[in-house]
Each structure stands twice: as structure tokens, then as C-alpha cells.
Amino acid sequence: MDFDLTEDQSLLVDSVRKLLSDKYGFEQRKAYMASERGWSPELWAAFADIGVLGLPFAEEDGGFGAGLTDTCLIAEQFGRSLVVEPWFSTVVIGGAALRHGGSAALRQELVPLIAAGEVRLALAQQERQSRYDLFDVATTAKKSGSGWVISGNKGMVIHGDSATHLIVSARVAGGQRDKAGIGLFVVEAGAPGVTIRGFRTVDGQRAAEIILDNAPAAHVLGDAEAGLPVLEKVAAESIAALAFEAVGCMDVAHAMTLDYMKTREQFGRPIGSFQALQHRAADMLVAIEQARSMSFYAVQAAEETDPDERRRGISAVKVQIGRASRLVGQQSIQLHGGIAMTMEYACGHYFKRLTVNDGLFGNADFHLRALADEGGLVRAA
Amino acid sequence: MDFDLTEDQSLLVDSVRKLLSDKYGFEQRKAYMASERGWSPELWAAFADIGVLGLPFAEEDGGFGAGLTDTCLIAEQFGRSLVVEPWFSTVVIGGAALRHGGSAALRQELVPLIAAGEVRLALAQQERQSRYDLFDVATTAKKSGSGWVISGNKGMVIHGDSATHLIVSARVAGGQRDKAGIGLFVVEAGAPGVTIRGFRTVDGQRAAEIILDNAPAAHVLGDAEAGLPVLEKVAAESIAALAFEAVGCMDVAHAMTLDYMKTREQFGRPIGSFQALQHRAADMLVAIEQARSMSFYAVQAAEETDPDERRRGISAVKVQIGRASRLVGQQSIQLHGGIAMTMEYACGHYFKRLTVNDGLFGNADFHLRALADEGGLVRAA
Amino acid sequence: MDLNFSPEELAFRQEVRDFIDANLPPATRQHLIEGKGPTKEMVVEWQRILNKRGWAVPEWPVEWGGPGWSAAQRYIFREELQMAPAPSPLGFNVNMCGPVVIQFGTEEQKKRFLPRMANLDDWWCQGFSEPGAGSDLAGLKTRAVREGDEWVINGQKTWTTLAQHADWIFVLARTNPTAKKQEGISFILCDMKTPGITVRPIITIEGGHEVNEVFFDNVRVPAENLVGEENKGWDCAKFLLGNERFGQARVGASRERIRRLKVIAAQTLDGGEPLMADPEFRRQMTEIEVELKALEMTVMRVIAQDMKRRDGKPNPATSVLKIKGTEIQQGVSELLMKAAGPYAWVDGDPDAEGTNQWDVAPDWAYGLAGTYFNWRKQSIYGGSNEIQRNIMAKAFLGL
Amino acid sequence: MDLNFSPEELAFRQEVRDFIDANLPPATRQHLIEGKGPTKEMVVEWQRILNKRGWAVPEWPVEWGGPGWSAAQRYIFREELQMAPAPSPLGFNVNMCGPVVIQFGTEEQKKRFLPRMANLDDWWCQGFSEPGAGSDLAGLKTRAVREGDEWVINGQKTWTTLAQHADWIFVLARTNPTAKKQEGISFILCDMKTPGITVRPIITIEGGHEVNEVFFDNVRVPAENLVGEENKGWDCAKFLLGNERFGQARVGASRERIRRLKVIAAQTLDGGEPLMADPEFRRQMTEIEVELKALEMTVMRVIAQDMKRRDGKPNPATSVLKIKGTEIQQGVSELLMKAAGPYAWVDGDPDAEGTNQWDVAPDWAYGLAGTYFNWRKQSIYGGSNEIQRNIMAKAFLGL
């Protein structure tokens with residue numbers, strides 16, 4: 001048992017931290033968000049340079065062969081700086097789909113391009129009726145010659161407007177909520193029949209609505225009728241990274257709050273000297289430490305081989321992280337007072353990101369119900 | 001709209017308050033509880049004298065014709081003093097059953113005796129499997145000659161060991177959880193086939209387990225196949241009185257806590273000067289005031305004629321009172337610290353009574369589910 | 001004890017409801033149902049409709065256009081507007097500045113300002129908060145110096161709600177810098193067109209423009225614009241703040257939002273079933289409904305006390321209204337956001353056309369996250385909920 | 001980073017589990033499963049079994065009988081005992097007084113007391129708290145005056161857990177009344193049979209007798225019973241309190257109670273269905289399970305730090321253990337009570353035969369309300385959860 005970073009991990013984190021401290025101040029980030037794309041190609045290139053784009057892919061595929069823990073450590077740092085580039089969609093989500101579902105040929109084709117920053121991925125999975133159920137898929141995939149054509153509407157595709165390749169869940173067989181018969185297809189963003197409308201999300205990231213109308217799939221990830229297990233693995237790894245990202249956000253929001261409490265004076269004394277507020281800040285620390293613990297567990301859970309065990313563990317992670325994110329996000333605003341309600345002050349941006357983070361791949365309520373329905377974590381005697 | 005007491009109500013409350021302040025100090029109550037019966041016949045006689053035993057019954061039946069509000073006001077005072085005599089079981093619960101289910105002849109027989117303190121009632125309704133469902137009845141009633149005989153096991157019969165007459169729910173027809181086919185029967189405590197074992201409950205009151213083995217019923221309350229509506233009315237009025245009782249308990253627990261906070265010193269100052277504890281005490285006040293408001297609503301709700309509306313309203317009351325009781329009970333202990341954990345200190349007794357109060361006629365969880373299942377309080381637009 | 005509205009009060013409620021149904025512009029109502037704040041035009045149009053009916057200034061005395069209602073009627077009126085939903089008469093005019101002018105102003109001030117306030121010919125805003133004086137209002141630093149027939153005002157106000165619409169501002173300014181905190185403050189009215197006033201928007205976290213900074217740079221206003229006595233402005237401020245006994249309870253508004261939530265939850269799928277079928281969602285919603293019912297009764301208690309004896313005796317129930325009222329509103333806004341799931345996250349101008357226009361996402365989801373974010377302010381402004389607890393500990397608990 | 005137990009540690013866990021299964025008296029186990037506190041005899045019997053195996057004093061150095069385990073092994077051992085469930089080695093002996101004697105005691109004191117502590121030949125109790133010194137421990141007033149070869153002790157201790165079983169008590173007493181609060185205190189051992197010591201039971205709200213008042217009336221103990229230096233007893237106290245890094249997390253104990261809860265909930269009917277089928281009950285239980293999993297990982301983090309570097313550097317995670325550990329235990333006790341419904345309310349001696357003997361109520365319901373009441377103490381003692389937040393604000397937040 002050892003929760004410290006290895007030397008390699010420390011080096012990796014340091015290089016990311018240095019880049020972000022140089023290039024990702026609050027005002028710099030604002031400029032990236034204000035650009036037409038909504039993010040910075042310059043930073044994207046820099047991410048490629050320090051190796052975080054190819055991080056989780058096998059060396060033989062052209063990646064750096066790092067483990068999930070390393071990816072999560074980057075996610076934590078990116079959370080601390082509220083990075084808006086499509087790293088999470090490309091490397092964490094898309095990367096997991098590619099690693100777990102892609103053929104060797106496909107991986108060897110795409111990974112070097114991803115690592116170089118030339119290919120960006122997005123997962124088009126959400127549909128109007130599906131909410132948080134990965135298996136609720138109305139979009140269809142039909143055989144067409146030697147390949148597949150995809151038709152359907154996908155919503156809230158994170159970074160769907162900057163992806164070069166979309167990973168699309170589509171139904172090959174079965175009813176809309178059947179767990180079998182779902183395939184994962186790679187569709188090029190520029191393929192005929194693909195219409196993409198990008199928009200900004202409330203946390204300052206980008207997303208898209210995508211309409212597919214007999215769009216040809218360039219590839220299928222694994223078995224076209226058994227994509228759900230891959231999708232679940234993708235969700236599990238993504239949730240682990242989201243947990244670390246949330247801890248990064250919470251750490252910063254808490255630190256900003258403490259700083260403010262030490263300097264802001266009311267009634268002739270720093271507000272941090274008021275015991276009721278001190279206890280609130282202590283409760284935030286308790287929540288963050290429990291969340292940090294849970295994020296470590298998230299890595300264990302995501303790597304669990306038994307899918308039921310994995311699902312239960314990952315649901316527990318989502319519950320704990322979601323609860324903590326809500327408390328820390330809301331209280332960091334409340335303890336600041338009005339100033340944190342303004343767009344010009346960073347704290348609110350952490351609150352917003354924490355709110356969205358909770359909802360990605362199912363919010364705490366959803367996972368609490370799922371976990372409770374599966375009998376919880378403790379086995380009855 | 002007027003939340004003040006009428007002159008008559010003020011006189012009534014004053015007379016009860018005076019009696020309790022003379023006769024119901026903490027040490028006096030302890031002596032009553034320590035007696036073999038577990039309560040005081042002397043006080044019982046005094047209650048008869050000041051008229052609170054015949055209170056809610058019609059004047060033509062030998063009662064005082066007071067309304068539910070008056071009963072509730074007494075319940076509040078009894079809550080403040082944690083009265084252990086069988087008033088609630090006799091007058092509120094039993095009284096409601098008699099008023100809503102009893103024939104004129106039966107009322108005129110029993111009410112004068114109740115008012116005089118000679119007859120005490122208890123509701124034998126709970127069964128091992130029934131939990132909080134009034135209609136879950138396995139105990140049977142069978143025709144025998146011109147009357148009925150009752151067989152079955154009843155548990156947690158409040159003041160069942162001192163009642164002269166038991167009001168027993170028993171199934172005349174239908175399956176164990178059918179809503180039709182339930183009758184309410186009056187069984188004399190001394191009747192053949194009735195076995196009663198009394199015990200003390202954790203809040204210092206008395207209760208009993210009762211086994212009925214072909215016990216003859218002296219009377220049936222209303223339609224022997226349609227007792228459930230009466231039982232629901234009984235529950236509704238009882239819940240209104242419990243709400244007032246709880247507010248009485250909470251008021252005293254809060255006041256004791258404030259007194260202690262003003263006198264107990266730690267780190268060289270009264271603990272009431274610590275802001276974190278002040279805010280906790282303020283939260284208790286918020287909860288109590290909301291509970292007090294809800295207790296007023298409880299009277300309205302209990303008197304609602306539409307049974308569905310009544311059930312919804314009464315469930316809302318139970319939720320709010322239960323939540324407040326828990327918060328105020330737990331925090332009154334916590335803010336005191338160790339001293340309130342001792343049997344010799346009154347505060348813990350309020351906490352215990354509030355805990356039991358929540359569970360009578362269904363706890364907050366039960367009623368929240370019931371209310372949610374019935375669509376809540378606010379109608380959709 | 002009588003816990004019900006009288007038949008007359010119930011008839012009055014019906015009268016209000018009928019009037020709203022007949023006169024509220026449907027586009028305004030629809031706009032509010034969708035959770036958007038009313039535009040300036042909507043507020044002005046509706047207040048003038050109310051004013052024509054004699055209902056724009058429920059709290060004012062009859063001689064200044066008030067309808068002469070009881071506390072219960074005023075409550076019913078306010079609730080019905082919130083539930084419609086319809087815009088409320090502009091609080092800065094009707095509940096804040098108007099009553100101060102009525103209580104402390106000269107006859108001339110009353111004649112000049114009150115009718116225009118009632119008809120919303122002038123839109124007023126409130127110049128109280130300052131960057132250094134948040135919860136500690138009396139710590140304000142804006143100065144007003146008497147020079148001849150004028151006050152010369154310098155300083156900065158912040159969190160000035162809807163200053164961008166305002167024609168006038170009422171300002172608390174320090175007129176005696178050597179006196180004790182509360183004792184050197186005056187209450188002064190300023191035309192927003194006066195040279196030296198600059199309004200700078202504050203964009204809140206959801207992207208909306210509701211509040212502003214207002215800078216005063218040698219702003220000269222006539223001496224006659226002082227309300228009440230010089231250096232006694234704190235009395236006006238206390239009167240103004242104390243006047244608001246129910247404002248943040250907003251029971252009707254919360255009930256309207258819960259209705260909306262139920263409509264949405266019936267249409268939205270969750271696990272292939274309507275969201276309304278999810279026990280956990282229902283539980284969270286029902287808990288709020290129950291708390292709201294208790295709050296409604298708490299409001300009634302305060303009204304009943306007001307009707308019986310306006311003795312100004314503090315009622316502990318009053319303290320509950322701010323804390324619980326805002327917690328409930330925040331809770332409902334969170335449930336609305338959660339009901340929308342991921343589709344709440346589309347950003348943009350909440351007053352613009354819905355951007356979920358391709359029918360990939362439901363239209364109604366748009367802006368719900370923004371409202372959730374924005375409503376975090378409710379437990380901060382108007383005396384933060386922490387300040388409320390301080391007040392309770394002092395005033396009612398003797399701690 | 002490596003978040004898993006090593007194969008050796010897993011093997012050790014199995015060894016502990018097997019030993020418990022083979023040696024724990026079944027009656028003791030059943031008694032604990034039913035939620036009752038172990039009797040004195042059960043504790044003594046089991047500790048002697050452990051001592052024979054060399055496992056009674058996991059935290060002690062090998063020379064005094066410790067097994068030489070790593071922090072991870074000690075954690076595993078403690079968890080397995082809690083989960084069995086089995087009595088833990090008596091904390092007053094093993095985790096409190098023993099380590100103080102080892103750290104501060106003379107060679108003679110060690111030889112005299114430690115072996116008897118390990119074998120539970122002497123039952124120790126803790127004389128720290130006083131009526132006027134609760135959260136403010138250093139405010140204690142009990143006096144010890146040196147007269148020749150003896151200390152003469154006068155004063156009163158309270159909340160003395162299981163003093164009724166105790167052979168010895170370790171006492172904090174003021175030996176220099178003029179020194180600053182923390183500086184005039186000494187740590188003294190007293191034989192409970194010494195004349196002048198009176199133990200008076202404190203009955204807690206559920207009716208149990210766990211704690212006591214202990215009165216000292218001219219109690220004379222030999223001077224050699226002083227541990228450490230005169231007036232330096234606060235160092236011993238701090239060492240003792242700081243030693244307890246995991247004690248109140250009790251992850252294994254909570255897991256055992258949740259298992260019990262699940263067994264009960266599967267048997268109990270609610271709305272005609274097993275209680276386990278109620279989504280709201282499941283939600284409440286699952287929320288606690290999730291929090292417990294996080295707490296388990298938090299404990300692991302503290303252990304890992306301990307194993308890596310015993311630098312005594314405060315770890316914010318440590319502060320979490322008390323607050324969350326006690327909240328979880330209290331939460332589970334409340335769920336157990338609620339699961340029993342009305343049948344939790346039978347009063348009486350929890351160690352007596354179940355009184356629900358007529359099968360009208362389920363046997364297992366008996367005593368659950370009492371445990372819920374009793375466990376409210378957990379957020380009060382050992383440094384109340386409010387004190388913990390004060391500590392965190394100072395030590396980690398710099399407020």
C-alpha cells in the first residue's frame with residue numbers, strides 16, 4: 001500500500017503543472033474560451049509536446065504506455081486549471097474506447113495521430129430519451145456494402161464540434177433499451193450525412209448536437225453487436241478521471257475560499273475568524289479528504305475485471321464525488337459571498353465545472369439508485 | 001385567520017399548566033414512573049378533576065364538547081412535562097375511535113366513565129408484520145352467537161396494560177392486506193381469552209403485548225367490515241395531537257439547551273458565546289418554528305373531510321414534525337455534551353420521547369414515501 | 001384559533017386570479033413559465049395595468065394610491081402574482097423607496113415621486129451595498145458633502161440590481177465621517193442622468209446581467225433630494241429593511257416552480273420511465289413540498305400577528321422566512337436542473353431563442369443550470385443566511 | 001502508487017480470520033452480533049486467548065510482548081476483530097495506559113504493570129474528564145499533593161468508563177496549582193482498592209451502566225506511581241490522545257453492523273414486502289455504505305503514511321476519521337432502530353433475555369433504540385466533533 005507518486009509520476013505531474021502555471025492563468029484561459037474554437041490550439045500542441053495526448057496508449061501503438069493512475073493525475077491537474085481543451089474527450093473517453101474496442105490496425109493508425117495532436121475524438125452516445133443509460137440507444141447502424149451507415153440524433157457530445165473522429169453508439173439489433181445489439185462505430189466528422197452544431201456549455205467547455213443521416217462508419221470498435229461492455233469500461237475509466245478532476249477543482253475552490261476568509265474583513269475582523277464559517281470550511285475539508293480517498297478507490301474499481309463489481313464500485317465513487325462536489329462547490333460560493341457570484345472571479349467557474357462533472361456519465365442520484373438496486377457495497381452476512 | 005388562543009382555550013391551558021407545574025416536576029415524574037403501574041393514579045384523578053379526560057367528547061355524551069385544537073393544546077402541555085399517564089391512549093386515540101365509530105348508546109355508556117377516570121382505553125392495532133400499515137391485519141373476528149370473538153396477537157399496544165377496554169382491529173373478511181373487511185371491536189381487558197403482558201417503553205411510558213384467543217368483543221365500533229375509515233380518522237387526529245406534543249417537547253429541549261449554553265463554561269467562556277453553537281441553536285429554532293406552523297396545519301388536515309386530502313396533509317405533518325424532532329432531539333444532546341447523556345438529566349428524556357413520537361402512526365420516512373406515492377402536496381399545473 | 005382564510009378573503013383571491021387571467025399579457029406569462037426573468041418592458045407594461053386597476057402599490061396608504069388592503073389581502077395578492085406567474089410590482093419603487101418617502105419624505109417629495117413610482121414612470125434602483133460593506137452595511141464609505149444647495153457625492157456602490165434600467169437611485173451616503181458608524185449616514189435620491197454617475201455591468205456566473213457597479217464621481221444633486229434628516233439615513237435604511245417581512249419567503253413563486261417541475265418530470269424519461277416514477281426524485285421533490293407547506297403556515301402566522309397588533313414585536317417566525325424561503329427556492333432550482341440532466345448545460349443568453357432547436361434536447365431544459373447557479377445568490381443577499389442566524393442568536397436566543 | 005494490500009498482508013488477514021473462527025467463544029460472538037456490549041468475563045477470556053497467541057498488544061514493542069506487526073497488519077487485525085465480531089483488547093490497558101508506561105515509565109513500572117495489562121490481570125480505567133473540564137480537558141481541578149513518599153489526591157473524575165470493573169485507574173491531577181493550565185499536571189497510577197476512592201454509577205439515557213463518577217477523598221498512593229516527570233503529565237496525556245489515530249474510525253465495526261442490518265432488513269416486512277425492497281431504506285443504507293468505503297480508503301491513506309515515514313506530520317485525513325467514523329456509526333444505529341420500527345421501543349436491561357418473548361415482536365429488535373440513544377455519545381466524547389472542527393480550522397486551514 002502506497003499512496004505516494006512514483007518518480008515517473010512526479011515528473012509527469014511536474015511538467016504538466018509547469019505548463020499550466022505558465023499558460024493557464026485565469027485571464028489566459030478566458031482568452032482561450034473567447035476564441036472561435038473555444039480552446040487553444042497552441043496549448044493543444046503543447047500538450048502533445050509534453051506527451052499527455054498519447055499517455056494511456058500502448059507503446060506498440062505509438063503511445064506512452066501509462067496506466068490509469070497517470071491519466072487520473074493529469075485529470076486532477078487539468079481540474080485545478082479548468083482546462084477547456086478536448087483532452088478529456090480525446091484521451092480519456094475516446095482513448096478508452098480505442099484501447100478497449102479498437103483493432104490493432106486501427107490503434108496503430110490513430111494513436112500516433114492522437115499523440116501528435118492531429119486527431120481528436122468525441123463520444124456521441126447521449127440521446128434525447130437515454131438520460132444516463134448507456135444502453136438506451138435509438139440511433140441505428142445498418143449494413144451497407146462491406147460497411148455500416150449510421151442514422152440518428154446525438155446530443156451533448158462533449159467536444160463534438162472539434163473532434164476529427166466521432167465514436168458513435170448505434171443499435172445493430174434489438175429494442176431501444178436492450179443491452180445486446182449495440183455497436184460502437186468510428187465516424188469521421190467530415191463524412192457525408194454528418195451534421196454538427198457546436199455550442200458552449202455552462203462550464204465554459206464545448207459540446208455539440210450531431211445528426212447522423214446514413215453517415216458511413218469508417219470503423220467498428222470490436223464486435224458490432226456487443227459494444228456495451230466496451231462502453232461500460234469507457235465510462236468506468238472516465239469516471240475515475242472525473243473523480244480526480246473533481247478533487248483538483250475542489251482543492252482549488254477550497255484554497256481560494258480560505259484565502260478569501262483570511263483577507264476579507266467584515267465587522268472589523270477577517271471573516272475567517274468567525275467560528276461558524278471555520279466549521280463550514282472544516283466540513284469542506286472533510287468532504288474533500290473523503291473524496292480524495294474515493295478517487296484512489298476509483299482507480300481500483302475501474303480496473304476491476306468483474307463487470308458487476310466494477311459497476312458497483314464505480315457507482316459508489318460517483319455518489320461520493322458528486323456529494324462532495326456539491327457541498328464544496330456551493331459552500332465555496334456561500335463563504336465568499338457576492339464576489340464569487342461574478343463571472344470575473346474564478347471560484348464560480350470551479351463551482352460550475354463541479355456541477356457538470358457530477359452529471360457526466362450519470363449523476364450521484366443516478367448512481368446511488370443503481371448501487372442500491374444492486375445491493376450496495378457490503379455483502380449481507 | 002387567527003393563531004391566538006381563545007379565552008376558553010387560555011383558561012384550559014392555564015389550568016393544565018398549573019397542575020403540571022405543581023405535580024409534574026422531573027423528580028415527581030420519576031416517582032410516578034418508578035411505581036408499579038408506571039404512572040400516577042393521583043394525577044389521573046386530577047386530570048379528571050380539571051376536565052381533560054372528557055375533553056373531546058360531545059356534551060350530550062357526557063363530555064365537554066371541545067374541539068381538536070383544544071385536545072392538541074393539552075397534548076402540547078403534556079409534551080412539555082412528558083406526562084406518562086394514559087391520557088393519549090385513552091382520550092386522543094381511544095376517544096377518537098369512540099367518537100367516530102361508537103354508537104350513541106356506547107358513547108353514553110363509556111364517556112362519563114372516561115371523564116371520571118374510571119375507564120381507560122388502548123388501541124390494539126399493531127401486529128408483527130403490519131409495521132405502519134393500518135390495514136395489514138391478521139387478527140380475526142368471527143361471529144359467535146350474537147357477537148364476535150377475536151383471535152390474534154397484538155404488539156406495542158400503548159398503555160395496553162392499564163386499559164380497562166381495548167379497541168382491537170380485526171379482520172372480518174378479505175386477505176391480510178385488504179382495505180375492506182376490517183372491524184374495530186371493543187374488548188374488555190378482563191374478558192376471557194385476553195392475555196396482557198405490560199412492559200416499559202424506552203421513553204418511560206407503558207405498553208403491552210396482547211394475545212387474544214377467542215376473546216369476546218363487548219361492542220363493535222360502526223360497520224364491522226368497514227373499520228378502516230374510522231381507524232384512519234383516529235390516526236389523523238392522533239397525529240395532530242402528536243405534532244403538538246412534539247412541539248412541546250422541542251420547545252423545552254431547546255430552552256434547556258439555551259440555558260445550559262448560557263451557564264456552562266469551557267475555555268473560560270460560556271459555550272453559548274461560540275458562534276458555531278449559536279448557529280446550531282438558531283437552526284433548532286428554525287426547525288421548531290416550522291414544526292409549530294405545521295402543527296397548526298395538522299389540525300386543518302385532520303379535519304379535512306376528503307380522505308385522500310386528509311391522508312396527504314397528515315403525511316406532510318408527520319414528515320415535517322419527524323424531521324424537526326430528530327434535529328432538535330439530537331442537537332439538544334450534542335450541544336449539552338455528556339450531561340444530557342445521563343438518565344438523571346431531563347434533556348435526554350425529551351430526546352427519547354421525540355424519537356418515539358416520530359414512530360407513532362408511521363415515522364417520517366413512511367409518510368414521506370406515502371405522500372410521494374400519492375403525488376405530493378402541490379398539484380401539477 | 002382560526003387557521004383559515006375568511007370567505008371574503010377567498011373571494012378576494014378569486015377576484016385577483018380572474019383579473020390576472022384576463023389582463024396578464026400571455027407572452028409575459030409564458031416567458032415567466034419558462035423560467036426567464038421578465039424584460040423591462042414586461043415589468044413596466046404589467047405594473048401600469050395593475051396601477052390602472054389601483055393595485056400597483058398594495059402596501060401604500062390609500063391617499064397615495066394604495067388599495068387599503070389587509071395584511072392577508074396583500075399576501076394573497078402577492079402569492080397570486082407569483083403563482084400566475086406574473087411580474088411583481090417593482091420592489092425598488094413599491095416596497096423600498098416608496099415607503100421611505102411616505103414615512104420620512106416631505107409633502108413635496110411625496111407629490112413629486114410617488115405617483116411616478118406607482119406607475120413605473122421612473123424605474124428606481126437601490127444604492128446601498130459597497131465593495132467593502134457587504135454583510136456589514138453600515139461600514140459604507142460613499143461620501144456626500146454639502147456644498148451650497150447641493151450634495152456632492154463620491155464613492156462606489158455595487159450589486160446594484162437592474163441599475164441599467166434605472167432612472168433614479170436612492171443612495172446611502174456618509175455625511176458625517178466623524179460620527180459613529182450608523183450615525184453619520186444620509187438617504188439621498190439621485191437622478192441617474194446626473195453627470196458623474198457611471199454604471200458598469202457585473203456579469204454573474206451564469207452569464208446574466210442583473211447587477212452593476214455604480215460609480216459616483218463628483219455627482220451633484222439638489223439639497224432637496226435628501227429624505228428625512230441629515231445624518232439620520234440609517235433610520236430610513238432600517239425602516240426599509242424591516243419593512244420586508246415576507247419578501248424572500250416567496251411561497252407562491254416556489255409553488256409555481258414546483259408545478260413546472262412536475263410538468264417536466266412527467267414528460268422526461270429516466271430509465272425508460274417518466275422521471276416522476278423515480279422514488280428518489282419524488283422523495284426530493286416531496287421533501288421540498290412539505291417544507292414549503294410549513295413555510296406557508298409560518299407566513300400566515302406572521303400575517304395574523306400583523307393583522308392583530310402591529311406592535312412591531314419581533315416574531316421568531318419572521319426569521320425563518322428568509323432562511324427557509326431561500327433554501328426552498330434553491331432546492332427547487334437544483335431539482336429543475338437535475339430533471340433536465342445533461343441538457344441543462346447548454347450555455348448562452350437565457351433570453352434568446354432556445355438553442356436546443358434541433359429537437360435533440362428538450363427546449364425547456366435550456367437555462368435551468370443558469371438559474372441554479374444564479375440562485376445561489378439568494379442565501380447571500382438580503383442579509384446572508386449566516387447573518388440571519390447571528391440575528392436569531394441575539395434577538396431570540398439571548399446568546 | 002499501489003492501493004492494494006500485498007499478498008503477505010492478505011495471507012495475514014486470512015490467518016487472523018482463521019484464528020478468530022477457531023478460538024472466539026461462540027457465545028461471545030453471538031452476544032456481540034445481537035448488538036450487546038461484551039461482559040467483563042467475555043473481554044477477559046478473549047484477551048487472554050489473544051495474549052496466549054501473542055496478539056493482545058499489537059501496538060507494543062516486541063520486548064513487551066508486541067507481535068512486531070506493521071501498521072497495515074495492525075489495521076487488518078483490528079478490522080477483523082470488529083467484523084467477527086469479537087471484543088477488542090481492552091483499550092485502557094493496551095492503547096492508552098500501556099503505551100504511556102512504555103514511553104514515559106520507569107523500567108520498574110514497566111515490569112510491574114505491562115505484563116498484567118497485556119493479560120488483563122488488571123483492568124484499567126481512565127481518570128481524565130472532570131465535571132468542569134469536558135472539552136477543555138486541561139481545565140481539570142483534581143489535586144495531588146506530595147506528602148513524603150505519597151501523593152494525596154483529592155477531587156472528582158467523571159465519565160469514567162467501566163470503572164466498576166477496574167482494578168487500577170490512571171489519573172491526571174494538578175500538582176502545581178500556580179502554573180499555567182497545562183503545565184502543572186501529573187500522570188499518576190492508582191490502585192482502585194486504595195481507601196478514599198468511591199465509584200458512583202452514571203446511568204446513561206438508555207438505562208445502561210457504562211460510565212461512572214470516581215471520587216478521590218484523601219487518596220494516598222505511593223510516590224513511585226507517578227509516570228514521567230512531575231508536572232509533565234500533559235505530555236503523557238497528549239501522547240496518549242495523539243496515539244489514537246484510527247480508534248474511532250471503526251470501519252470493521254460499522255461494516256459488521258451494516259451486514260447485520262441487511263440480514264434484518266431481508267426478514268422484516270414493510271408494506272407487505274421485505275424492508276430491503278423499499279427504495280428509501282436502501283438509499284439511506286447505501287449512502288452510509290459509500291461513505292464507509294471512502295472512510296476505509298482514508299484509513300488506508302493514514303496507515304500508508306505511517307508505514308512510510310513516522311514523521312508525526314499531521315495528516316488532514318486523520319481529522320476525518322473521528323468525525324466521519326462517528327457519524328457513520330450513529331447513522332447505522334439509527335437505521336437499525338428504524339428497521340425495527342415500533343418494536344425497538346421495548347425497554348429493559350439489554351443484557352437480559354429478550355423480552356419480546358411471546359413472539360409478538362421479533363427478538364432482534366430488542367435494545368436497538370437503546371443503542372441509538374447511547375451512541376449519541378460518540379460525537380461528544382474523545383474530543384467532540386465540534387472540537388475536531390476547531391482543531392482542523394487551526395491546524396490545517398490556518399484560520
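Within every chain, numbering begins at 1; the chains are lettered A, B, ... in the order of the sequence lines, protein sequences first and strands thereafter. Just so it is clear, the model here is predicted, and its values are computed rather than measured.
Residue contact with chain A, scored on non-hydrogen atoms closer than 4.5 Å, is absent for D:E296. For D:I323, the part sitting under 4.5 Å from any heavy atom of chain A is the side chain, from C-beta outward, and nothing else. For a residue to count as touching a neighbouring chain, one of its non-hydrogen atoms must lie under 4.5 Å from one of that chain's; by this rule D:M392 touches chain A with the side chain only. Of the two parts of D:I303, only the side chain, counted from C-beta on, holds a non-hydrogen atom closer than 4.5 Å to a non-hydrogen atom of chain A. Heavy atoms closer than 4.5 Å to chain A are found in both the backbone and the side chain of D:E386. In this structure, chain A has no heavy atom under 4.5 Å from any part of D:S6.
In this structure, a donor-acceptor pair under 3.5 Å is present between the side chains of A:E245 and A:N357. For the 3.5 Å distance criterion, the side chains of D:K322 and D:N385 qualify, holding a donor opposite an acceptor.
Most heavy-atom pairs under 4.5 Å with chain D: of the set A:Q320, A:R323, A:M261, this distinction falls to A:Q320. Highest contact tally toward chain A, considering only D:M285, D:R255, D:E287, is held by D:E287 [criterion: heavy-atom pairs under 4.5 Å].
Counting only distance, with no hydrogens or angles, the side chain of A:Q278 and the backbone of D:R389 share no donor-acceptor pair below 3.5 Å. Of the possible polar contacts, one joining the D:E79 side chain to the D:G252 backbone as a donor-acceptor pair under 3.5 Å is found.
No option in D:L275, D:T286, D:T268, D:D270 other than D:L275 meets the side-chain contact (heavy atoms from CB on, under 4.5 Å) test with D:F281. With A:R311 as the partner, the side-chain hydrogen bond (donor to acceptor under 3.5 Å, both in side chains) test is satisfied by one option alone out of A:E374, A:E304, A:H367: A:E374.
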